[in-house]
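Protein chains get the first letters and strands the later ones, always in sequence-line order, with residue 1 at the start of each. Model, not experiment: these values are computed from the prediction.
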Amino acid sequence: MLDLKWVRENLDIVQKAIENRNMKVDLTRFRELDAERRRLIVDVEQLKNRRNVVSSEIAKLKKAGEPAEDKIAAMRELGEEIKRLDERLAEIEDALSAIMLDIPNIPDKSVPIGPDESANVVIRTWGEPPKFDFEPRPHWDLGIDLGILDFERAAKIAKARFVLYWDIGARLERALLNFMLDLHTKEHGYTEVFPPILVNSASLVGTGQLPKFADDLFKVQNEDLYLIPTAEVPVTNIHRDEILAAKDLPRYYCAYTPCFRSEAGAYGKDTRGLIRHHQFNKVELVKFVHPDTSYDELERLTANAERVLQLLNIHYRVVALSTGDLGFSAAKTYDIEVWLPGFGGYKEISSCSNFEDFQARRANIKFREEPKAKPRFVHTLNGSGLAIGRTVAAVLENYQQADGTIAIPEVLKPYMAGAEKITPRLF
RNA sequence: GGAGAGAUGGCCGAGUAGGUCGAAGGCGCUCGCCUGCUAAGCGAGUAGGGGAUUAUAAAGUCCCCUCGAGGGUUCGAAUCCCUCUCUCUCCGCCA
């Protein structure tokens, strides 16, 4: 959410930012509601002031044993008037906050302007695509033939876009998430947390998934609870409605959680393999930082995520998202796109964003510069470090051998119970 | 799931026959004084949000709201009523 006063005074900037995002929001209604709200506040508060003054006069009269019936009668009428105005004000404020919650974040100046992902800009690449003296195969073929990925049974148990990992495939998933958690906690200074994976609607409003994107979420029946689409939601909300001390910043958290997405608008997209599932595992990095440092922190966060692929020795590139491709809450985002030789292209494996104070204002996360200073909003950031399922896909495709087996990356060997490579499951 | 108790400022904790209570007191914290140093002591300050005012901002001043959340009763509610949420204790069930 943006600051109400700031929006009032910078309507043209907001309008332009929304257009750059290829979205529409009608700001004339905002202008009307905002003006009406302030008019009403002035009126109703004047009346309330009078009520307070006269009520204390009544108290004095009562104490002195003197009659106050005329004043009480007058206040009874005033009370009715106040009630009417308060109701009207509440309606206006509801409508206004609905608009405010629907306005996306303002992209940072450095974000490339463009209508969609075609305007994204490649910032850097790392490593090189592996060379094969055979035709590399996609991970789903490899996984199915090795008997470690079972899409058919997963569809039987749940539905399409789920997977059942078998044996060393399951271990590879677990190895990757342990490797990532160890890397970020031991070498990058993150504190590991393990949060609830069901969250309430207030948390989802805090990070920006609600009210706008309810269709993307799985909701628990008859409860105000949703399956998390990303650990960003519970972890960012750790400090909802809190005021941190300046010395508490920056805070770095990492979390492994499963993630659940309805993929409502994704029919026909990425229908094969591990790329776009209703349930997937992810290690998430979340930062709470001082506003002055958030863009430096974004660079470091992205570097922390990249480190995973570097250690796995898998080629990738980093892309700056354009205004048209940028997420609703983000001010700036780098996607890390991993090379998938069997699939024959790059695929997003991490999305690292600076939300500035957009989430902090929604979730009311503040800090004090000095012990007595006025609280200010922190800046929040997060990024995948990394999505596990897509990393499995990347390992399978990049480490595949001519005979259909998969070599195990050096850094994963300590996590693989002595296995040197993935061979077909025999039972 | 059943029964009971509770929810007040960063923390602890007063405050129920409704009337200067946004709230005593203590701790903590900030600033100052005092003191070779430290401790102790003394003084002052110390919730959040919103609105008005000033050409903008900071500061200031005035006002409104908030004593878990939302509603109600009343001229007036931390105090009374209703609903919800959470915490604790006991019982039941359960990994």
Visitor: Going by the salt bridge (charged side-chain N to carboxylate O under 4.0 Å, His left out) test, which pairs reach into residues 242-256 of chain A, not counting sequence neighbours?
Guide: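 Those involving residues 242-256 of chain A are A/D248-A/R251.
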
Visitor: Which residues pass the salt bridge (Lys or Arg N to Asp or Glu O under 4.0 Å) test with A/R240, not counting sequence neighbours?
Guide: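 If we apply the salt bridge (Lys or Arg N to Asp or Glu O under 4.0 Å) test to A/R240, skipping adjacent residues, there are no hits.
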
Visitor: When the distance from CD1 of A/I92 to C1' of B/G51 is rounded to whole Å, what number comes out?
Guide: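 Whole-Å distance recorded here is 15 Å.
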
Visitor: Could you run through nucleotides 54-82 of chain B and give me one letter per nucleotide, 5' to 3': B if any protein heavy atom sits under 4.0 Å from the base, S if only the sugar-phosphate is that close, - if neither?
Guide: ---------BBS---------BS------

Visitor: Mind listing the side-chain donor-acceptor pairs of residues 89-100 of chain A below 3.5 Å, one per line with the distance, residues two or more places apart or on another chain?
Guide:
from  : atom 1 : to    : atom 2 : distance (Å)
A/E93 : OE2    : A/R37 : NE     : 2.7
A/S97 : OG     : A/E93 : O      : 3.4
A/S97 : OG     : A/D94 : O      : 3.3

Visitor: Quick one: side chain to side chain donor-acceptor pair (under 3.5 Å) partners of A/N354, sequence neighbours excluded?
Guide: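 With sequence neighbours excluded, A/N354 shows a side chain to side chain donor-acceptor pair (under 3.5 Å) to A/S294, given in chain and number order.
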
Visitor: Which of residues 199-207 of chain A have a heavy atom under 4.0 Å from RNA chain B?
Guide: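 Within this stretch, nothing sits under 4.0 Å of the strand.
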
Visitor: Which ring pair (Phe, Tyr, Trp, His ring centres under 6.0 Å) pairs, counting each pair once, include a residue from residues 242-274 of chain A, with sequence neighbours left out?
Guide: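 The answer is A/Y190-A/Y252, A/H239-A/Y253, A/Y253-A/F288.
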
Visitor: Only counting residues at least two apart or in another chain, list the ones meeting side-chain contact (heavy atoms from CB on, under 4.5 Å) with A/A305.
Guide: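 With neighbours one apart ignored, the set is A/I336, A/S350, A/C352, A/L386.
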
Visitor: Hey, can you pull the donor-acceptor pairs under 3.5 Å for the side chains in residues 208-222 of chain A, sequence neighbours left out?
Guide:
from   : atom 1 : to     : atom 2 : distance (Å)
A/Q209 : OE1    : A/T207 : OG1    : 2.7
A/K212 : NZ     : A/D102 : O      : 3.4
A/K219 : NZ     : A/E223 : O      : 2.4

Visitor: Output every pair passing side chain to side chain donor-acceptor pair (under 3.5 Å) with a member in residues 389-400 of chain A, not counting sequence neighbours, ordered by first then second residue.
Guide: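 Qualifying pairs: A/H139-A/E397.
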
Visitor: For B/G19 and B/U30, measure between their C1' atoms and round to the nearest Å.
Guide: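 These two C1' atoms come out 35 Å apart once rounded.
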
Visitor: Using Watson-Crick and G-U wobble pairs with both distances under 3.5 Å, what is the 5'-to-3' dot-bracket string of RNA chain B, with [ ] for crossing pairs and | for pairs outside the strand?
Guide: ((((((((.[[[..)...(.....]]]((((((.......))))))(((((((......))))))).[[[[[..)....]]]]])))))))....

Visitor: Can you run down the ring pair (Phe, Tyr, Trp, His ring centres under 6.0 Å) pairs that involve residues 149-183 of chain A, sequence neighbours left out, and say none if there aren't any?
Guide: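 Qualifying pairs, neighbours excluded: A/F162-A/H278.
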
Visitor: Taking only the C1' atom of each, what is the distance from B/C88 to B/G41 in whole angstrom?
Guide: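 It works out to 41 Å between them.
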
Visitor: Name the nucleic acid region contacted by A/R368, choosing base, sugar-phosphate or nothing; use a 4.0 angstrom heavy-atom cut-off, strictly under.
Guide: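 Sugar-phosphate contact only.
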
Visitor: So, A/N52 and A/S55: side-chain donor and acceptor under 3.5 Å apart, yes or no?
Guide: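 The answer is no; no qualifying pair exists.
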
